[in-house]
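Inspection log for the structure reproduced underneath, given as structure tokens.
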Amino acid sequence: MTISHTEENYLKAIFKLAEKGQKSVSTNAIAAHMQTAAASVTDMLKRLAEKDLIAHEKYRGVQLSASGERMATALIRKHRLWEVFLTEKLGFSWDEVHDYAEQLEHVQGETLINRLDDFLGNPHFDPHGDPIPDAEGRWSFRPQALLATLQVGDKGVITGVEDHRPEFLQYLQQQGLVLGATLELLERFAFDQSVRIRAGATQIITLSEKATQNIYVKIS
Ligand SMILES: [Zn+2]
């Protein structure tokens, strides 16, 4: 079966939306995610249903079929492995790799991606802390919580980000808040839920609530 890049992107979008909340994903949610008109989403969903990649129930939204889910998982695997390659081997920073990976994820060839996986030492997480499924489609899991949910006095290590936009990643990088950085929650201000943290051994940083809603921490 041949499948276009656009079709692949839809599968990935449906997978990500389903992961975030309800099992069935609405046409409107997909349209918002893909930044396109609902009418073109409907056309695309018809095509994906004809290829048995999704199940489409009127008024209830769509779900990936088993083969659709396998394809979406393989795409995410490729995307995240290329992101590791770009940061670790080509020296890109974590805010630069996503757009390249959006293109590289469409390169076909299981042998290529499995060799890349081995070459990188079979990483379980990408440069943003997101899990990378293995060749069998199994996901790694690690317990983590949003920084916004920590209590004063909690200590932890940054494990990931919810917001992947370059502006946010650069903002974190500038303050030394990269994956693996340690922090301690010193104070939360009732006024606007902003927080003061100690990052590393000595640096004191104030973060907005918006920032704390987008940083994942493994509490130690
Ligand atoms: Zn990415």
Side-chain angles (χ1 to χ4, degrees), residues 3-21 25 29-36 44 53 64 68-110 112-142 144 146-147 157-175 177-181 210-211 213-218:
I3 172 161
S4 72
H5 292 184
T6 316
E7 290 170 332
E8 289 190 325
N9 288 337
Y10 270 80
L11 293 178
K12 217 173 53 160
I14 296 166
F15 183 91
K16 288 193 171 169
L17 289 165
E19 194 183 39
K20 283 223 161 110
V25 178
I30 299 168
H33 186 92
M34 303 292 291
Q35 298 182 306
T36 185
M44 179 57 75
L53 295 170
L64 292 178
E69 188 169 327
R70 255 198 314 278
M71 257 187 211
T73 305
L75 278 165
I76 293 169
R77 170 173 161 78
K78 287 194 275 182
H79 181 108
R80 294 180 178 170
L81 283 171
W82 283 121
E83 286 191 337
V84 175
F85 176 77
L86 292 168
T87 49
E88 285 191 3
K89 304 298 177 188
L90 299 190
F92 286 96
S93 60
W94 67 342
D95 56 295
E96 296 175 311
V97 293
H98 179 76
D99 288 348
Y100 290 121
E102 285 288 285
Q103 302 177 52
L104 288 164
E105 72 184 19
H106 299 294
V107 176
Q108 299 297 327
E110 226 177 303
L112 170 67
I113 211 66
N114 289 338
R115 277 201 200 167
L116 178 65
D117 190 12
D118 289 341
F119 175 66
L120 296 169
N122 312 109
H124 293 299
F125 296 93
D126 78 7
H128 310 110
D130 294 319
I132 302 172
D134 68 13
E136 274 73 53
R138 288 180 301 237
W139 299 79
S140 296
F141 174 80
R142 85 181 137 204
Q144 58 181 11
L146 286 173
L147 177 51
V157 174
I158 297 182
T159 52
V161 287
E162 176 65 25
D163 184 343
H164 286 59
R165 283 174 303 168
E167 298 79 5
F168 183 60
L169 298 174
Q170 286 158 12
Y171 166 79
L172 294 179
Q173 179 107 30
Q174 275 162 13
Q175 317 211 48
L177 299 176
V178 294
L179 292 195
K210 188 169 180 190
Q213 293 283 5
N214 282 292
I215 299 171
Y216 286 109
V217 176
K218 183 176 182 292

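Counting starts at 1 for both ligands and their atoms, in listed order.
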### Message
Tell me which N, O or S atom from Glu83 is the closest to the Zn ion (ligand 1).
### Response
OE2
### Query
Out of the N/O/S atoms in His98, what is the name of the one closest to the Zn ion (ligand 1)?
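Looking at His98, the N, O or S atom with the least distance to the Zn ion (ligand 1) is ND1.
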[X] and [Y] ion-paired at < 4.0 Å:
| X | Y | value |
| --- | --- | --- |
| Glu105 | Arg80 | no |
| Arg77 | Asp117 | yes |
| Glu102 | Lys12 | yes |

### Query
So, is His79 placed with an N/O/S atom under 2.8 Å from the Zn ion (ligand 1), counting both backbone and side chain?
yes
### Message
At less than 2.8 Å, would any N/O/S atom of Asp126, backbone or side chain, sit next to the Zn ion (ligand 1)?
### Response
no
### Query
How are the rings of Trp94 and His128 set relative to one another: parallel (under 30°), tilted (30 to 60°) or perpendicular (over 60°)?
parallel
